[in-house]
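What follows is a single structure, written as structure tokens, with notes after it.
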Amino acid sequence: QVQLVESGGGLVQAGGSLRLSCAASGRTFSSYAIGWFRQAPGKEREFVTAITWSGDVTYYAVSVKGRFTISRDNAKNTVYLQMNRLQPEDTAVYYCAAVVGVGTLTRVDAYDYWGQGTQVTVSS
């Protein structure tokens, strides 16, 4: 199993940037695919981006493609989410999640482990 802790959220003006981190503890971190999801008040949790165990393949929601970048550093047991050109509609609690293997990484129900989330607020 793996434990996940998100950090890096905060308040930023529209057009600004934030970098989120997902720090993992536990065994065989490199064997886990990692996804980022977000949930705004009154909305379902939605897929943002994901990266495979190898780091070779990434997936992005259309709404963030070209603005957000996911990466991982297995030596540091950490996955990053670089968010650029943020907009008010990006405001949400951001969660990272982990699953062994690849699976269908755009689906919430594909993941076995979740962090507690970090708040991102984008002001206009």
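Computed over heavy atoms, backbone and side chain alike; hydrogens, waters and symmetry mates excluded. Numbers here are sequence positions counted from 1.
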Where is the tightest heavy-atom contact between [X] and [Y], given as atom of each residue plus distance?
X: Ile70; Y: Ile34; result: CD1-O, 4.0 Å
X: Tyr32; Y: Ala98; result: CD2-CB, 3.8 Å
X: Val99; Y: Ala110; result: CG2-O, 3.1 Å
X: Val120; Y: Gly9; result: CG2-CA, 4.2 Å
X: Cys22; Y: Trp36; result: CB-CZ2, 3.6 Å
X: Tyr111; Y: Leu105; result: OH-O, 2.7 Å

*Got a donor-acceptor contact below 3.5 angstrom from the Arg85 side chain to the Gly66 backbone?*
yes
_Heavy-atom donor-acceptor pair, Thr78 side chain to Lys76 backbone, under 3.5 Å_ = yes
Considering only distance and modelled atom types, tabulate donor-acceptor pairs under 3.5 Å from the side chains of residues 90-97, sequence neighbours left out.
unit_1: Asp90; atom_1: OD1; unit_2: Arg38; atom_2: NH1; d: 2.9
unit_1: Asp90; atom_1: OD1; unit_2: Arg67; atom_2: NH2; d: 3.0
unit_1: Asp90; atom_1: OD2; unit_2: Arg67; atom_2: NH1; d: 2.8
unit_1: Asp90; atom_1: OD2; unit_2: Arg67; atom_2: NH2; d: 3.4
unit_1: Asp90; atom_1: OD2; unit_2: Gln87; atom_2: N; d: 2.8
unit_1: Thr91; atom_1: OG1; unit_2: Pro88; atom_2: O; d: 3.0
unit_1: Thr91; atom_1: OG1; unit_2: Val122; atom_2: N; d: 2.9
unit_1: Thr91; atom_1: OG1; unit_2: Val122; atom_2: O; d: 3.4
unit_1: Tyr94; atom_1: OH; unit_2: Arg38; atom_2: NH1; d: 2.9
unit_1: Tyr94; atom_1: OH; unit_2: Asp90; atom_2: O; d: 2.7

If I take atom [atom1] from residue [X] and atom [atom2] from residue [Y], how far apart are they, to the nearest 0.5 angstrom?
X: Thr106; Y: Tyr59; atom1: OG1; atom2: OH; value: 9.0 Å
X: Leu86; Y: Ser123; atom1: CG; atom2: OG; value: 10.5 Å
X: Arg19; Y: Ser7; atom1: CZ; atom2: OG; value: 10.0 Å

_Test item: Thr121 and Val12 side chains (from C-beta on) under 4.5 Å apart, heavy atoms_ = no
Taking [Y] as the starting point, is it possible to reach [X] by hopping between hydrophobic residues whose side chains are less than 4.5 Å apart?
X: Tyr80; Y: Val48; value: no
X: Val5; Y: Met83; value: no
X: Leu18; Y: Leu11; value: no

*asked:* Going by side-chain contact (heavy atoms from CB on, under 4.5 Å), name the residues that satisfy it together with Asn74, two or more places apart in sequence or in a different chain.
replied: Phe29, Ser30, Arg72
*Who pairs with Ser25 by side-chain contact (heavy atoms from CB on, under 4.5 Å), at least two apart in sequence or on another chain?*
Gln3
*asked:* Let's go through Tyr60 and Phe47 carefully: what are the C-alpha distance in whole Å and the side-chain angles of both, what is the deciding distance for ring pair (Phe, Tyr, Trp, His ring centres under 6.0 Å) to 0.1 Å, and is it a yes or a no?
replied: CA-CA 8 Å; Tyr60 293 93; Phe47 171 76; 8.3 Å; no
*Pair Ser17-Asn84, side-chain donor/acceptor within less than 3.5 Å*: yes
*Do Trp114 and Phe37 make the cut of ring centroids closer than 6.0 angstrom?*
yes
